[in-house]
Undergrad: 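This is the structure I have questions about; it appears just below.
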Amino acid sequence: NQDQGNKGYDVILKVLLLGNSNVGKSSLFLRYVDDIWNDSFVPTIGVDFKIKTFELDSKKVKMQIWDTAGQERFKNVIASYYRGANGILLVYDITDKDSFRQIKNWLVEVDRNANKNVLKVLIGNKSDLESRRAVTFEQGKEFAESNGMKFLETSAKKKVNVNQAFETITREFMNSGLDTQAPKKQNKTFAVSNR
């Protein structure tokens, strides 16, 4: 019974991590949910999913986080996971200009597959690799602003701005006036069967 698991939460949301392969989506995902850092890169196959519960601005939040594969061959598999997503973190690697350029294509995918009012935050990951930086903070910020997104630079390795990234999307959701509770289907069916 899905509703049982959702009782007692003020806010329930589904968040997707999108971006090219090797930009650090899984690292952000694991650092945020389990506070784990792993140096070896293993590409995500399809999707991975975890639940994180936390308190934010005295509200109890339940977040479903979906980590997706960045490789082209998984694009069609991932498309179905956009449905029902409330927030999307679009991730690029600050040392990889192409991963930043590709965000445009990821936005096309989002427009094609996600809800119209899905919230988006742009994330420039690997900010600890300053000496290898290929995308400036200003470029990231400018692109985010021109596309109506908030922007943060993060380091999953050094644990910089990781919590803030997920809290930003949660706050955006809480302030959006969109329904912050999952639909309570059960009550409806109950009402119908009682007629």
Side-chain angles (χ1 to χ4, degrees), residues 2 5-6 9 11-30 32-33 41-52 61-93 96-125 135 139-152 154 156 162 165-185:
Q2 208 195 342
N6 291 341
Y9 293 99
V11 180
I12 296 163
L13 73 162
K14 174 181 171 180
V15 172
L16 234 60
L17 287 156
L18 295 178
N20 278 18
S21 190
N22 206 7
V23 295
K25 297 183 300 296
S26 300
S27 296
L28 285 167
F29 176 70
L30 289 170
Y32 180 59
V33 181
F41 170 63
V42 182
T44 303
I45 305 295
V47 292
D48 196 2
F49 156 74
K50 285 177 187 288
I51 287 177
K52 171 95 170 174
V61 180
K62 180 177 182 176
M63 184 187 280
Q64 295 180 3
I65 309 168
W66 297 81
D67 177 26
T68 67
Q71 294 103 311
E72 189 66 40
R73 66 194 171 105
F74 289 114
K75 278 239 168 86
N76 293 338
V77 176
I78 294 164
S80 61
Y81 289 91
Y82 288 76
R83 275 173 231 122
N86 310 105
I88 292 176
L89 297 181
L90 290 138
V91 186
Y92 69 91
D93 168 356
D96 176 359
K97 213 170 202 120
D98 187 53
S99 72
F100 177 62
R101 283 197 204 102
Q102 290 292 325
I103 294 291
K104 280 196 184 75
N105 298 340
W106 286 105
L107 281 171
V108 170
E109 292 292 311
V110 170
D111 286 344
R112 187 181 297 150
N113 298 299
N115 303 338
K116 284 286 159 271
N117 50 11
V118 72
L119 302 161
K120 300 178 284 277
V121 173
L122 182 65
I123 304 292
N125 191 35
V135 182
Q139 285 172 312
K141 193 167 164 36
E142 205 172 283
F143 179 81
E145 281 171 1
S146 66
N147 286 279
M149 298 186 274
K150 286 257 187 333
F151 172 65
L152 286 101
T154 58
V162 176
F166 289 92
E167 284 171 11
T168 297
I169 200 95
T170 307
R171 278 211 177 88
E172 289 275 286
F173 181 56
M174 282 159 59
N175 298 335
S176 67
L178 300 168
D179 186 14
T180 52
Q181 270 284 13
K184 294 182 177 54
K185 291 198 187 81

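In what follows, every heavy atom counts, from backbone to side chain, and hydrogens, waters and symmetry copies are set aside.
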Undergrad: Within a 6.0 Å radius of atom CD on Glu142, are there more than 12 heavy atoms belonging to other residues, nucleotides or ligands?
TA: no
Undergrad: Just so I know, are the side chains of Asn22 and Asp93 near enough to count as touching, which here means a heavy-atom distance under 4.5 Å?
TA: no
Undergrad: Please report the shortest heavy-atom distance between Asp98 and Asn20, naming the atom on each side.
TA: OD2-ND2, 4.0 Å
Undergrad: More than 12 heavy atoms of other residues, nucleotides or ligands under 6.0 Å from NZ of Lys141: is that the case?
TA: no
Undergrad: Report yes if some heavy atom in the side chain of Lys25 is under 4.5 Å from a heavy atom in the side chain of Ile123; otherwise report no.
TA: no
Undergrad: List the atom of Ile169, the atom of Val121, and the distance in Å for their closest heavy-atom pair.
TA: CD1-CG2, 3.5 Å
Undergrad: Work out which heavy atom in Phe29 is nearest to a heavy atom in Leu17; give both atom names and the distance.
TA: CB-CD1, 3.7 Å
Undergrad: Drop me the distance from Leu16's CG to Gln64's CD, to the nearest 0.5 angstrom.
TA: 10.5 Å
Undergrad: What I'd like to find out is whether the side chain of Phe143 reaches to under 4.5 Å of the side chain of Lys104, using heavy atoms alone.
TA: yes
Undergrad: Measure the CD-CG distance between Glu145 and Asn147 for me, rounded to the nearest 0.5 Å.
TA: 10.5 Å
Undergrad: Hey, what do you get for CG (Asn86) to CE (Met174), rounding to the nearest 0.5 Å?
TA: 13.0 Å
Undergrad: Taking the six-membered ring of Phe166, is NZ or CZ of Lys52 closer than 6.0 Å to its centre and within 45° of its axis?
TA: no
Undergrad: So, do Arg112 and Tyr82 sit near enough that their side-chain heavy atoms are less than 4.5 Å apart?
TA: no
Undergrad: Which atom names give the shortest non-hydrogen contact between Met63 and Thr170, and what distance separates them?
TA: CE-OG1, 3.0 Å
Undergrad: side-chain contact (heavy atoms from CB on, under 4.5 Å) for Val110 and Lys120? Distances and angles first, verdict last.
TA: CA-CA 9 Å; Val110 170; Lys120 300 178 284 277; 3.9 Å; yes
Undergrad: Can you name the residues that form a salt bridge (Lys or Arg N to Asp or Glu O under 4.0 Å) with Asp67, not counting sequence neighbours?
TA: none
Undergrad: Are Tyr81 and Phe49 close enough that their ring centres sit under 6.0 Å apart?
TA: no
Undergrad: Can you tell me how the ring of Phe151 sits relative to the ring of Tyr92, calling it parallel under 30°, perpendicular over 60° and tilted otherwise?
TA: parallel
Undergrad: Considering all heavy atoms of both residues, which atom of Ile12 and which atom of Phe173 are nearest to each other, and what is their separation?
TA: O-CE2, 3.7 Å
Undergrad: Using a 6.0 Å cut-off, check whether atom NZ of Lys150 has over 12 heavy atoms from anything other than its own residue.
TA: no
Undergrad: How long is the span from the CG atom in Leu90 to the CE atom in Met149, to the nearest 0.5 Å?
TA: 5.5 Å
Undergrad: Just to verify, what does Asp48 make a side-chain hydrogen bond (donor to acceptor under 3.5 Å, both in side chains) with, not counting sequence neighbours?
TA: none
Undergrad: For Lys116 and Asp111, work out which heavy atoms get closest and say how close.
TA: NZ-O, 3.6 Å
Undergrad: Mind checking the CG-CG spacing from Leu107 to Leu122? Nearest 0.5 Å is all I need.
TA: 8.0 Å
Undergrad: Consider side chain to side chain contact (heavy atoms under 4.5 Å, CB included). Of Val23, Leu89, Leu28, which one does Asn125 pass it with?
TA: Leu28
